[in-house]
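These numbers come from a predicted model, not from an experiment.
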Amino acid sequence: MEGFKVLLRTSRPVGWFFGPILYAIGLVHSPKPFTSLRKKRAVILQLLSLSFPLSLIVFGVNDVYDFETDTRNARKKIDGLEGTIVDPKDHAVVTLAAWVATAVILATSFTSGRRSNVAVVSLLLFMSWQYSAPPFRFKERPFLDSLSNGVIIDLAYLAGYTAGGGRLDRRMLTLKGHVLGLCTTGVHALGAVVDVEADAAVGQRTIATVFGPRLALVFGAMSYLTALLIEQQLTVFGVYILGGLLMMVAPIVDLSLAHAAFQAVVYWTGVMSAIWFAEKAVAAARQRRASADRRS
């Protein structure tokens with residue numbers, strides 16, 4: 001039971017929603033999200049696999065390899081919402097559970113019956129491990145640390161897109177997942193600024209420790225600005241990006257606002273995701289009503 005509690009804590013229950021949300025957005029943007037009962041079951045199974053199991057890999061593996069810096073990080077000791085400290089005696093349990101989660105997620109990709117989905121999910125798992133674990137450990141490769149986080153988000157979106165029949169061709173260049181990836185690149189840079197003192201204390205090379213907090217924040221803001229320029233209009237996505245950009249700018253002026261800005265961006269993401277899904281649900285209901293009216 002104690003081991004299960006450790007796994008729950010290190011997986012960050014508040015983070016269980018991000019993988020399914022991204023997957024669902026990609027699915028909505030795919031050509032044919034639901035083609036049969038079997039496909040529906042496969043989609044639901046894969047969506048669920050990107051909740052607790054994926055969080056266990058992304059956050060759990062990070063907690064194992066970042067133990068030294070986490071013990072010096074005040075925000076990892078407060079309430080667990082932004083991370084936790086995993087005792088070294090539990091590292092083996094967390095690592096084993098992460099490998100089991102990897103096998104489960106990979107297995108769900110085969111149920112999709114789509115090779116593109118298997119490829120995307122395999123790359124998603126690789127990036128989720130290699131952000132924290134050797135041999136690549138992107139966390140300590142400045143700029144790649146933030147960019148790799150954006151890639152993970154983009155791949156979670158593409159998992160949903162390919163599960164719904166989307167192809168990895170030139171059309172994927174215009175997908176919203178890339179915009180969300182850019183935003184996450186910015187959020188990561190902001191998080192690196194929040195952790196700069198703890199990371200520097202143990203000699204970790206991150207975008208913030210190597211180039212300094214302000215340059216890291218400027219890079220994060222530029223990531224958001226690039227996303228906004230790609231979106232070009234104030235859709236729900238556009239409003240989400242603009243709000244995040246404004247939150248990124250504040251700590252450039254006053255570094256003491258970095259942690260508050262990081263928390264604000266996370267909550268802003270949750271709120272805007274709910275608004276986006278509500279908008280899509282209303283649009284779908286109106287379309288069904290219009291179809292019914294035409295038949296009557």
Side-chain angles (χ1 to χ4, degrees), residues 12-55 105 108-109 111-114 116-117 120-121 124 150 152-167 171-172 174-184 187 224 227-228 230-245 247 264-296:
R12 320 278 203 280
V14 72
W16 293 2
F17 300 98
F18 287 100
I21 286 172
L22 291 160
Y23 182 90
I25 294 173
L27 189 65
V28 169
H29 289 157
S30 67
K32 41 185 177 181
F34 299 112
T35 55
S36 68
L37 181 60
R38 185 180 70 82
K39 291 293 184 184
K40 288 180 181 179
R41 289 172 177 169
V43 162
I44 293 171
L45 188 63
Q46 189 167 62
L47 183 146
L48 292 175
S49 77
L50 298 186
S51 57
F52 168 70
L54 183 61
S55 292
I105 295 171
T108 65
S109 70
T111 66
S112 72
R114 303 185 189 279
S116 57
N117 184 261
V120 166
V121 170
L124 169 62
I152 289 171
I153 294 303
D154 200 353
L155 289 168
Y157 169 95
L158 286 174
Y161 179 73
T162 53
R167 296 184 178 183
R171 284 173 294 185
M172 68 174 285
T174 61
L175 295 176
K176 300 289 188 183
H178 312 322
V179 172
L180 295 173
L182 282 168
C183 293
T184 303
V187 174
Y224 264 94
L228 187 61
I230 293 172
E231 182 63 18
Q232 292 187 342
Q233 48 190 327
L234 288 180
T235 59
V236 173
F237 268 98
V239 172
Y240 163 66
I241 298 166
L242 180 59
L245 175 60
M247 294 172 200
V265 169
V266 171
Y267 289 120
W268 177 246
T269 299
V271 169
M272 293 306 293
S273 296
I275 291 174
W276 186 85
F277 280 111
E279 180 188 57
K280 292 298 179 184
V282 169
R286 287 175 178 170
Q287 187 174 11
R288 285 195 299 269
R289 190 179 304 118
S291 297
D293 290 341
R294 284 195 297 269
R295 288 194 299 269
S296 61

Where the side chain of [X] meets the backbone of [Y], is there a donor-acceptor pair that is under 3.5 Å apart?
X	Y	value
S30	L27	yes
T108	L45	no
H29	G160	no

- Message: For F277, is the CZ atom crowded, meaning more than 12 foreign heavy atoms sit under 6.0 Å from it?
- Response: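 Check passes, neighbour count above 12.
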I need the minimum non-hydrogen distance between [X] and [Y], along with the two atoms involved.
X	Y	answer
L47	A24	CD1-CB, 4.3 Å
P31	G166	CD-N, 3.4 Å
G150	T184	CA-CB, 4.2 Å
V121	Q46	CG2-NE2, 3.6 Å
D154	G177	OD1-C, 3.3 Å
I152	L124	O-CD1, 3.5 Å

Can you tell me how far [atom2] of [Y] sits from [atom1] of [X], rounded to the nearest 0.5 angstrom?
X	Y	atom1	atom2	result
K39	T111	NZ	OG1	8.5 Å
I105	L48	CD1	CG	11.5 Å
L180	Y157	CG	OH	7.5 Å
I230	L182	CD1	CG	5.0 Å
I25	S273	CD1	OG	5.5 Å

- Item | side chain to side chain contact (heavy atoms under 4.5 Å, CB included) evaluation trace for S51 with F17 | CA-CA 6 Å; S51 57; F17 300 98; over 6 Å; no
- Is there a side-chain contact between L54 and Y23 (heavy atoms, below 4.5 Å)?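 The answer is no; the side chains never approach within 4.5 Å.
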- T162 vs R114, side chain to side chain contact (heavy atoms under 4.5 Å, CB included): CA-CA, chis, key distance, verdict: CA-CA 7 Å; T162 53; R114 303 185 189 279; 5.5 Å; no
Can I get a per-line list of side-chain donor-acceptor pairs under 3.5 Å for residues 231-243, giving both atom names and the distance, sequence neighbours left out?
residue, atom, partner, partner atom, Å
E231, OE1, K176, NZ, 2.7
E231, OE2, K176, NZ, 2.9
E231, OE2, T235, OG1, 2.7
T235, OG1, F237, N, 3.3
T235, OG1, G238, N, 3.1
Y240, OH, T269, OG1, 3.2

